[in-house]
Amino acid sequence: MMTSQSSPRTLEEALRRLSEDPACIPIAGCTDWMIGARSSGFEIPPLLDLLRVEELRGIRSDGDGLRIGATTTFSDLQQDELVRKSYPVLVQAAGEVGGRQIQNRATLGGNVVNASPAGDSLPVLLALDAEVEVASLEGRRRIPFRDFHTAYRRTALGEGELLTAVILPPAPGFQSFRKVGTRQAQAISKVVVAICAENQEGRWASVRIGAGSVAATPIRLRAAEAVLEGSAVGKATAEAAADAARGEAHPIDDLRSTARYRSWVLGRVVRRMLLS
Ligand SMILES: Cc1cc2nc3c(=O)[nH]c(=O)nc-3n(C[C@H](O)[C@H](O)[C@H](O)COP(=O)(O)OP(=O)(O)OC[C@H]3O[C@@H](n4cnc5c(N)ncnc54)[C@H](O)[C@@H]3O)c2cc1C
């Protein structure tokens, strides 16, 4: 494999390189991109290595929320005090992305832009009602995370744009994450669910449920959310929400699972999470 690679130190340099050569591919941990490149055997295009761009890395407070640089790895997320304190749902998801070696290289931005419906962080960012920040030479814009994945493996990133950060709003009181896979580590999910909400004196409020591997893109389970909103916390509500969740998913049969199993397990997982 012969290729050319640039390793800019600043975001400005990276964006300039991308605008000079729109064929060049931004890469971060390369854990997704390399597999695609190797298996297709095509000639490698010019690569734009983002890992040395200081501005794309790191985690800091953003108002009452958090700003997470695009090349922050899943290991960084698990170790960061701010994330551990306020967003345990993200820490949990980060700990289930592949094994330790993958977590050391794989970035949050790569997971988001790779846009697999099975990506572990995506339901979490949906449930947290995150935003993504993207930048081009024209400037920066923020996109609600719920609008970022537009179709199967498609995103709202425009030509010449890079994902620069994920912005989290203030942390919700109730946070829960479950991944169902064949094995605990290194397994792509069959179903992955994140729930964020408030428990207001025994009633559910501000409920957001993100689910992966149950449709062409990660989705919000809006019908289940509607069932929960304002309802009493407890078994009957959890069961009604589980039924609603099953009804609104559109899973497919594939190598890892059947659509029927995915729908069934989605309901089980939602119910169990609400009762935990
Ligand atoms: C053995 C193994 C196990 C895995 N297990 C899991 C798992 O359990 N759960 C899971 O969710 N994933 C898993 N993955 C997939 C992968 O590790 C993750 O999706 C990872 O987060 C990708 O991040 P990366 O930095 O390696 O992305 P890269 O491979 O570098 O990039 C992925 C894509 O995003 C683009 N991109 C990256 N960063 C940016 C940016 N800032 N701006 C614009 N475009 C960008 C690239 O051009 C490319 O198209 C696994 C992969 C392997 C090899």
Side-chain angles (χ1 to χ4, degrees), residues 3 5 7-8 11 14-15 17-19 21-40 44-58 68-78 90 92-126 132-136 140-141 143 148-149 153-166 177-194 210-213 218 256:
T3 186
Q5 177 170 321
S7 296
L11 181 59
L15 292 171
R17 176 82 185 102
L18 197 58
S19 100
D21 183 0
C24 95
I25 306 279
I27 50 162
C30 238
T31 59
D32 269 319
W33 188 81
M34 198 56 171
I35 286 180
R38 284 173 73 99
S39 58
S40 67
I44 306 278
L47 299 176
L48 178 65
D49 170 22
L50 300 177
L51 289 185
R52 295 189 187 186
V53 179
E54 191 65 32
E55 198 184 329
L56 293 180
R57 192 149 204 150
I68 303 175
T71 61
T72 301
T73 66
F74 288 107
S75 292
D76 295 336
L77 285 172
Q78 289 172 80
L90 188 54
Q92 213 185 328
E96 299 212 18
V97 174
R100 192 56 63 84
Q101 297 93 327
I102 291 294
Q103 290 162 24
N104 285 342
R105 278 207 68 84
T107 66
L108 183 63
N111 203 234
V112 168
V113 178
N114 189 54
S116 161
D120 284 331
S121 73
L122 312 191
V124 174
L125 299 181
L126 274 176
V132 292
E133 183 193 81
V134 303
S136 69
R140 290 172 198 248
R141 63 188 179 116
I143 307 170
F148 190 69
H149 295 101
R153 308 297 295 259
R154 301 253 164 212
T155 75
L157 259 191
E159 197 171 297
E161 282 185 324
L162 290 172
L163 180 77
T164 46
V166 170
F177 174 84
R178 290 281 189 290
K179 171 177 176 174
V180 180
T182 306
R183 289 167 289 148
Q184 276 302 311
Q186 305 279 357
I188 308 269
S189 70
K190 293 177 185 210
V191 168
V192 53
V193 181
S213 290
R256 287 186 291 279

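Ligands are counted one by one from 1 in listed order, and the atoms in each one are counted from 1 as well. All figures in this text were calculated on a predicted structure; none of them were measured in a lab.
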Within the structure provided, determine whether [X] and [Y] are in side-chain contact (heavy-atom separation under 4.5 Å).
X	Y	value
L11	E54	no
V112	H149	yes
I44	W33	yes
L48	P8	yes
N111	F74	yes
L56	T164	yes
V97	Q78	no
L157	V134	yes

Selection from [options] by shortest heavy-atom distance to [atom]:
atom	options	answer
atom 21 (O) of ligand 1	L157, V112, L56, T107	T107
atom 38 (N) of ligand 1	G212, G110, A115, A94	G110
atom 44 (N) of ligand 1	L18, D49, V113, T31	V113
atom 20 (C) of ligand 1	A106, A165, G98	A106

Any atoms of ligand 1 less than 4.0 Å from a non-hydrogen atom of [X]? List them with their elements.
X	value
W33	29 (O)
F74	21 (O)
E96	8 (O)
D120	7 (C), 8 (O), 9 (N), 10 (C), 11 (O)
G119	11 (O)
I102	1 (C), 2 (C), 17 (O), 52 (C), 53 (C)

Region of [X] engaging ligand 1 - heavy atom pairs below 4.0 Å:
X	value
A70	side chain
Q103	neither
T71	neither
I25	side chain

Discussion item. Looking at R153, I'd like to know if its CZ atom is crowded, meaning that more than 12 non-hydrogen atoms belonging to other residues, nucleotides or ligands lie closer than 6.0 Å.
Written reply: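 Atom CZ in R153 is crowded, with more than 12 foreign heavy atoms closer than 6.0 Å.
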Would one find an N or O of [X], backbone or side chain, under 3.5 Å from an N or O of ligand 1?
X	value
K179	yes
L50	no
C30	yes

Worksheet item: Sequence neighbours excluded, which residues qualify as salt bridge (charged side-chain N to carboxylate O under 4.0 Å, His left out) partners of R178?
Response: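 If we apply the salt bridge (charged side-chain N to carboxylate O under 4.0 Å, His left out) test to R178, skipping adjacent residues, there are no hits.
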Discussion item. Test of understanding: with salt bridge (charged side-chain N to carboxylate O under 4.0 Å, His left out), list the residues that count as partners of E133, not counting sequence neighbours.
Written reply: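 For E133 the salt bridge (charged side-chain N to carboxylate O under 4.0 Å, His left out) partners, ignoring immediate neighbours, are R67, R140.
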